[in-house]
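These notes concern the structure reproduced below.
These numbers were taken from a predicted model, which means no experiment stands behind them. Letters A, B, ... mirror the listed sequences (proteins, then strands); counts begin at 1.
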There are 2 protein chains.
Amino acid sequence: MVWKASHKEESRQKILTAAADLFTRKGFNRVGIDDVMAAAGMTRGAFYAHFSSKFELYEEAILKAGRAAMQHFEENSASSEDLIKNYLSEEHLLSDDIRCPLACLVSDVAHDDVRVKQTYTKIFKGFLKNLQEKPESGNEESAVLLKAVLMIGGMALARSLTDKQLAKKILKTCSEAAMVPEREGSNY
Amino acid sequence: MVWKASHKEESRQKILTAAADLFTRKGFNRVGIDDVMAAAGMTRGAFYAHFSSKFELYEEAILKAGRAAMQHFEENSASSEDLIKNYLSEEHLLSDDIRCPLACLVSDVAHDDVRVKQTYTKIFKGFLKNLQEKPESGNEESAVLLKAVLMIGGMALARSLTDKQLAKKILKTCSEAAMVPEREGSNY
DNA sequence: GTCTATAATCGGATAGAC
DNA sequence: GTCTATCCGATTATAGAC
């Protein structure tokens, strides 16, 4: 049988997309290779033509999820305030397709091995850079770090609470607070 | 063989202590019943005389870890500022015996079933109440929520980064920021 | 490159002796 | 109440056909 040159890469991307979705939604351990491959429209046997282990998939999937989330929130946010508002929105909390791995996997990653933590750290630093580069943003390092913690921490916490009223209040409060620091030292 | 009336309860507490330690350190999935029982000085077979399932143990262990952490930080903190400083300290980050499950398991819990999330929510509300009751603390709800997010989110994030310099900076920045809000509306 | 079938392992839960 | 031995389901990874 003959395969298009692009076919393998397409399959690989399908697997990664499915994995990014499932891992951020259910965590590493609650997702089997079967689940990922089924979601990608294939069966288990094909997996190892693309990745050497579930761990390798995990790392790449987290990266992909991070890029996808970043891009999504960037595209829909002209200002730093928009970015914060969108990130800490109920849409993000409930979204079926966009979930930031920094929030979905904060504590998960802490229990994984160093390589996963390194990947996470890399994504986190990209997140910081993004926050910092928004033109009208207060970009002292401490202000940026605080925003990041309020965004990631607020969203992570909201996801773990059964009291959805309280979860929403957290999102709202963090959103408002994260917008304040940038006014100090900004131009208007 | 005859057993002291207190023996069973002692064993139970040993198991819970070991479980609280292991689960907050490694997460639910990376810890087997074997591990817990070995740490408690027993073998697997004895487990089911105390708990009906690993899940049941998880819930109780989280509660125990929460109470232990709360008590530890309360005891060593006269003021709200002390509490924040101690919670966001490097000692807490590196501690072998005291780790707050709210930070260690934020995103883990999000992937678990409702009952675990309910337990987590309960602990979180206790945490809020504690923050609120500190006499000199600013206790508007929003201020308390922000402190909680900075503490839990900051510690969770610090645990997941390989860049320990950055992790420390996060702890320090969150610590300072969490102390600010309470000055508004306080008495001095 | 993807499939089906299977090997190998690990971990939760149970049974029965003491 | 705790032990050892065992069952059993789930899941990662591999083998070999197409």
Side-chain angles (χ1 to χ4, degrees), chain A residues 1-62 105 108 111-113 115-116, chain B residues 1-62 105 108-109 111-113 115-116 119:
Chain A
M1 224 186 264
V2 174
W3 308 94
K4 287 192 235 154
S6 60
H7 185 217
K8 180 167 184 180
E9 184 55 24
E10 276 172 23
S11 292
R12 191 186 153 84
Q13 290 307 318
K14 269 190 219 158
I15 296 172
L16 277 173
T17 303
D21 175 65
L22 288 168
F23 284 142
T24 54
R25 187 195 306 276
K26 304 185 177 184
F28 182 73
N29 304 280
R30 299 280 242 259
V31 174
I33 293 181
D34 272 5
D35 303 320
V36 175
M37 293 306 280
M42 283 171 276
T43 60
R44 182 175 42 222
F47 176 76
Y48 294 92
H50 299 280
F51 302 92
S52 69
S53 72
K54 192 186 170 189
F55 263 110
E56 191 185 309
L57 173 66
Y58 191 45
E59 287 188 54
E60 296 213 36
I62 290 177
L105 301 170
D108 287 72
H111 310 133
D112 292 327
D113 72 41
R115 294 194 52 204
V116 177
Chain B
M1 222 185 266
V2 173
W3 308 92
K4 287 190 234 156
S6 60
H7 185 218
K8 180 167 184 180
E9 184 56 23
E10 277 171 22
S11 292
R12 192 186 153 84
Q13 291 306 319
K14 269 190 218 159
I15 297 172
L16 277 173
T17 303
D21 176 66
L22 289 167
F23 284 142
T24 54
R25 188 195 306 275
K26 304 185 176 184
F28 182 74
N29 303 280
R30 299 282 242 259
V31 174
I33 292 181
D34 273 4
D35 302 320
V36 175
M37 293 305 281
M42 284 170 274
T43 61
R44 184 173 42 220
F47 177 76
Y48 294 91
H50 299 279
F51 303 91
S52 69
S53 74
K54 191 185 171 191
F55 264 110
E56 191 185 309
L57 173 66
Y58 192 44
E59 288 188 53
E60 296 214 37
I62 291 177
L105 301 171
D108 287 71
V109 164
H111 310 133
D112 291 327
D113 72 41
R115 294 194 52 202
V116 177
T119 302

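- Counting to the nearest Å, the C1' atom of D/dT2 and the CD atom of B/Glu10 are 15 Å from each other.
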>> Before you tell me yes or no, could you show the steps for A/Leu105 and A/Tyr58 under side chain to side chain contact (heavy atoms under 4.5 Å, CB included), namely the whole-Å CA-CA distance, both residues' side-chain angles and the distance that decides it to 0.1 Å?
In response: CA-CA 11 Å; A/Leu105 301 170; A/Tyr58 191 45; 3.9 Å; yes
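- For D/dC3, the OP1/OP2 oxygens have a side-chain nitrogen or oxygen of B/Thr43 closer than 4.0 Å.
- The shortest distance between side-chain heavy atoms of A/Asp113 and A/Phe55 falls below 4.5 Å.
- Looking only at side-chain heavy atoms (C-beta outward), B/Arg30 and B/Arg25 stay at 4.5 Å or farther from each other.
- Rounded to whole angstrom, the span from the CG atom of B/Asp35 across to the C1' atom of C/dC10 amounts to 12 Å.
- Taking atom CE on B/Met37 and atom P on D/dT2, their separation rounds to 7 Å, with Å as the unit.
- Contact record, B/His50 with B/Glu56: O-OE2, 4.4 Å, taken as the closest heavy-atom pair.
- Side-chain proximity of A/Ala46 to the nucleotides C/dC3, D/dG1, C/dG1 is greatest for C/dC3.
- The nearest whole Å value for the distance from the CZ atom in B/Arg12 to the P atom in D/dG1 is 12 Å.
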Report each atom pair, protein N/O against N/O of nucleotides 12-14 of chain D, whose distance is under 3.5 angstrom.
unit_1, atom_1, unit_2, atom_2, d
D/dT12, OP1, A/Lys54, NZ, 2.9
D/dT12, OP2, A/Ile33, N, 3.0
D/dA13, OP2, A/Tyr48, OH, 2.9
D/dA13, OP2, A/Lys54, N, 3.2
D/dA13, O5', A/Tyr48, OH, 3.3
D/dA13, N6, A/Arg44, NE, 3.0

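- Between A/Met42 atom CE and C/dT2 atom P the separation is 6 Å, expressed in whole Å.
- A heavy-atom distance below 4.0 Å to DNA chain D is reached by none of the residues of residues 14-22 of chain B.
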> Could you go step by step and tell me if B/Val116 and B/Phe28 meet the side chain to side chain contact (heavy atoms under 4.5 Å, CB included) rule?
Replying inline: CA-CA 11 Å; B/Val116 177; B/Phe28 182 74; over 6 Å; no
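- One interatomic measurement links the two molecules: CZ of A/Arg30 to P of D/dT11, which rounds to 11 Å at whole-angstrom precision.
- Looking only at side-chain heavy atoms (C-beta outward), B/Leu57 and B/Leu16 come within less than 4.5 Å of each other.
- Between the CD atom of A/Glu9 and the P atom of C/dG1 there is a distance of 11 Å, given to the nearest Å.
- Taking 4.5 Å as the limit, every side-chain heavy atom of B/Asp35 sits out of range of all side-chain heavy atoms of B/Lys26.
- Going from atom CG of B/Asn29 over to atom NZ of B/Lys54 covers 6.0 Å, rounded to the nearest 0.5 Å.
- Considering only heavy atoms from C-beta on, A/Arg12 comes within 4.5 Å of A/Glu60 through its side chain.
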